[in-house]
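The chains referred to below are lettered A, B, ... by the order of the sequence lines, with proteins before strands, and numbering in each begins at 1. Because only heavy atoms are used, hydrogens play no part in the values below, and waters and symmetry mates are left out as well, while side chains stay in.
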Amino acid sequence: KQEVTQIPAALSVPEGENLVLNCSFTDSAIYNLQWFRQDPGKGLTSLLLIQSSQREQTSGRLNASLDKSSGRSTLYIAASQPGDSATYLCAPGKLVFGAGTILRVKS
Amino acid sequence: GAVVSQHPSWVICKSGTSVKIECRSLDFQATTMFWYRQFPKQSLMLMATSNEGSKATYEQGVEKDKFLINHASLTLSTLTVTSAHPEDSSFYICSATGFGYNEQFFGPGTRLTVL
């Protein structure tokens, strides 16, 4: 059974900082891994999808890496902004989510 | 493209009543839909997986007679919470995927409050 751990559970940073969110998973037999953003009381917004054959994906200020063999993924956010404040969830494969990292970017 | 909607966005009902939540894929054919439940400050937990035209597959611990799932068409799946109780109050989110897609697309969620 896939188990997903996200570290840190919460993070508060001043605006402009670069930051890294970590995701580890136990079952490396995955086809892809997605990072999502969830605003309070809202659904999920897909940020990045990394295929199992890829090492990383980039979208704007976001960069996600995947090390499938070691069961790890990181989400790098450059030059953080207050609008980045949300809960970030990783999902290796399709059906299991991490508990998320609650990010607060202070202006 | 790949938009999923849910209706209603929120619902309040009395204990003992049934509530139906709809999940629609607006611009693609959803061969598979997933239903998740999210309690406050917790992550999403998969409840069931439904393939169009087939019976849903429920995760361990999810009562199939209480959470009725119907996926009768390629654009619509419904989740009916029967005889709802206050402990069923939660945020219910659906997702969908289809041919040519290898990712899920999520609906905006439905907030259910049972009084």
Practice item. For each of V4(B), L44(B), T97(B), L46(B), tally heavy-atom pairs with chain A at distances under 4.5 Å, and name the one with the top tally. Key: L44(B)
Check your understanding: Does anything in residues 81-95 of chain B get under 4.5 Å of chain A by heavy atoms, and if so which residues?
Key -> F91(B), I93(B)
Check your understanding: Which heavy-atom pair separates V19(B) from C13(B) by the least distance, and what is that distance?
Key -> CG2-SG, 3.4 Å
Point to revise | Nearest heavy atoms of I69(B) and A48(B), plus distance in Å | key: CD1-CB, 3.3 Å
Review point. How many angstroms lie between atom CE of M45(B) and atom OH of Y36(B), to the nearest 0.5 angstrom?
Key: 10.5 Å
Point to revise | Under 4.5 Å from any heavy atom of chain A - which part of E59(B) | key: neither
Revision key, fill the gap. To the nearest 0.5 Å, atom CG of L19(A) lies from atom OG of S12(A) at 10.5 Å
Review point. So which part of L44(A) gets closer than 4.5 Å to some heavy atom of chain B, the side chain, the backbone, both or neither?
Key: both
Revision key, fill the gap. One option among Q38(B), K41(B), Q42(B) has the most heavy-atom pairs under 4.5 Å with chain A, and it is Q38(B)
Review point. Can you say whether Q6(A) sits under 4.5 Å from chain B via the side chain, the backbone, both, or neither, judging by heavy atoms?
Key: neither
Point to revise | Ring centres under 6.0 angstrom apart (Y101(B), F28(B)) | key: yes
Revision key, fill the gap. In short, ring-ring contact (aromatic ring centres under 6.0 Å, His included) pairs touching residues 10-36 of chain A with sequence neighbours left out are F36(A)-F97(A), F36(A)-F106(B)
Revision key, fill the gap. All heavy atoms of S18(B) vs all of T80(B), minimum pair found to be CB-CG2, 4.4 Å
Review point. Taking all atoms of both residues into account, what is the closest heavy-atom pair of Q2(A) and V96(A), and its distance?
Key: O-CG1, 3.8 Å
